[in-house]
Amino acid sequence: MTTRYVPVARTGPLAICPGGPHARTPLAGSATVWFEAVNILRGGQHWQGPAIGDLSRADLARLSSLRPAICGLVLDRPRIMGILNVTPDSFSDGGELATVAAAVARARAMSGADILDIGGESTRPGAEQVPVAEEIRRTAPVIRAIREAGIATPISIDTRKARVAEAALAAGADIVNDVSALSFDPELAAVVAARGVPICLMHAQGDPETMQQNPRYRDVSAEVFDHLAARIAVAETAGIARDRIIVDPGIGFGKNLDHNLTLLRDLSLFHGLGVAVLLGLSRKKFIGTIGQAEKAKDRMPGSVAGALHGAAMGVQILRVHDVAATRQSLALWHAIAGGGVAAPR
Ligand code: HH2
């Protein structure tokens, strides 16, 4: 069994020791987040791990190396994936973008996003499946129109289905975001491999229709980690290069409040998979529960707090509804963490 290391993530200055300063060990290639200790996750608890110098070369490389750029985006800092749902029923923004023109206007308004994530099927708890033809009808024309409008931001298609991904990629999308981690449609892996595009593999327990009916784990972080490791192996076997794989612990997908909080606390664990990590918690129900915000639209402050936590844990991609608020918060966090003041965009 592989040891599950949880790097203790830090920002800020490194102490100068007698004999000279030590070198920082960046966390997953981050320009600002580093680690000086690792814990070991066992039985749901953190145990003191070996000194960094005693880690094997392979373990150290997995935890510290810069992940390959995705669509030209250097992943040494958190990148923002703006959510653009063209669905009638998404839990927070469903029905807002009923026309192609409205979707293009939203894409333009999300100019602070590094990636636009376009989805035509809600995967909120209890959501029913959308037929393939309808999902294509909702997404492909919007992607085409965004490209025709001259918006060059990389686009991910949020789908579990091969035919939808194919149509989206043909229309100008660049990335596939699959909340089923290649377990819903057996043909999706071949499409991704043939097109050579990046894919996000997200953990979910069960499917959207039933996933929130009493989800159970013995050790949620370890099980999610092992599941994602297995899905990476499936993707690689299908011919998808490791440097195009992104993983996501799937906050809210078959998880209760405690599961979500544990995963967030253990977030740096997922760097041990050696690939880029994406975090999607924006406006989700547990934020409303903790922050006493019944309506999804009122959960922006809690969502930004969660995004900043992700940044401090070295997450490379943050999937958010509130792009401008997240961008401003991240710019402050980045500057305070010593990453410098970013040029205005
Ligand atoms: N969450 C949702 C949809 N897609 N993809 C990834 N990789 N990670 C996530 O956490 C994630 C996701 C659900 O949020 P949203 O798109 O806002 O709602 P809906 O599924 O109702 O459209």
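One-based numbering, in listed order, for ligands and for the atoms of each. Please read these numbers as outputs of a predicted model, since none were measured by experiment.
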query = Salt bridge or not for Asp185 and Arg163, using N-O below 4.0 Å?
reply = no
query = Considering only heavy atoms of Leu278, which atoms of ligand 1 have at least one such atom less than 4.0 Å away?
reply = 7 (N)
ask   = At a 4.0 Å threshold, what atoms of ligand 1 neighbour a non-hydrogen atom of Arg124?
value = 20 (O), 21 (O)
task = Salt-bridge test for Arg327 and Asp114: reply yes if a basic N is under 4.0 Å from a carboxylate O, no otherwise.
result = yes
query = Is there at least one pair of N or O atoms, one from Asp89 and one from ligand 1, spaced under 3.5 Å apart?
reply = no
query = Nearest protein heavy atom to atom 22 (O) of ligand 1, by residue and atom, and its distance?
reply = Ser90 OG, 2.4 Å
ask   = Do the non-hydrogen side-chain atoms of Tyr217 and Gln205 ever get within less than 4.5 Å of each other?
value = yes
inquiry  = Quick check on the hydrophobic clustering: are Val320 and Leu332 connected, directly or via other members, by side-chain heavy-atom contacts under 4.5 Å?
reply    = no
ask   = Which of the atoms in ligand 1, numbered in the order shown and given with their element, are less than 4.0 Å from a heavy-atom of Gly280?
value = 10 (O)
task = Using non-hydrogen atoms of the residue, decide whether Lys284 is closer than 4.0 angstrom to ligand 1.
result = yes
inquiry  = Regarding Arg138 and Glu121, does a basic nitrogen lie under 4.0 Å from an acidic carboxylate oxygen?
reply    = no
ask   = Any non-hydrogen atom of Asn85 lying under 4.0 Å from ligand 1?
value = yes
message = Using a strict threshold of under 4.0 Å (side-chain N to carboxylate O), is an ion pair present between Arg4 and Asp266?
response = no
request  = Distance to 0.1 Å, residue and atom name: give those for the protein heavy atom nearest to atom 5 (N) of ligand 1.
outcome  = Asn177 ND2, 3.1 Å
ask   = In terms of residue, atom name and distance, what is the protein heavy atom nearest to atom 18 (O) of ligand 1?
value = Phe91 CD2, 3.2 Å
remark   = Grouping ILVMFWY residues whenever side-chain heavy atoms fall under 4.5 Å, the cluster of Ile175 otherwise contains Ile70, Leu73, Leu75, Met81, Ile115, Ile246, Leu278, Ile317
request  = Quick one: look up the protein heavy atom nearest atom 6 (C) of ligand 1 and list residue, atom name and how far away it is.
outcome  = Asp248 OD2, 3.1 Å
query = How are the rings of His203 and His227 set relative to one another: parallel (under 30°), tilted (30 to 60°) or perpendicular (over 60°)?
reply = perpendicular
inquiry  = Return the closest protein heavy atom for atom 20 (O) of ligand 1 as residue, atom name and distance.
reply    = Thr123 N, 2.8 Å
request  = Identify the protein heavy atom lying closest to atom 2 (C) of ligand 1, giving its residue, its atom name and the separation to 0.1 Å.
outcome  = Arg319 NH1, 3.4 Å
Nearest non-hydrogen protein atom, atom 17 (O) of ligand 1 = His321 NE2, 2.8 Å
Note: Asp248-Arg231 ion pair, threshold 4.0 Å (strictly below) = no
Ligand 1 atoms in contact with Val179 (distance to a heavy atom under 4.0 Å) = 4 (N), 5 (N), 12 (C)
key: Any N/O pair Asp117/ligand 1 closer than 3.5 Å   = no
request  = Assess Cys200 for proximity to ligand 1: is some non-hydrogen atom of it under 4.0 Å away?
outcome  = yes
note = On a heavy-atom basis, the closest approach of Ala102 and Leu97 is O-CD2, 3.6 Å
request  = Give the residue, atom name and distance (to 0.1 Å) of the protein heavy atom nearest atom 4 (N) of ligand 1.
outcome  = Asp158 OD2, 2.9 Å
ask   = Are Phe253 and His259 side-chain neighbours, meaning at least one heavy-atom pair lies under 4.5 Å?
value = no
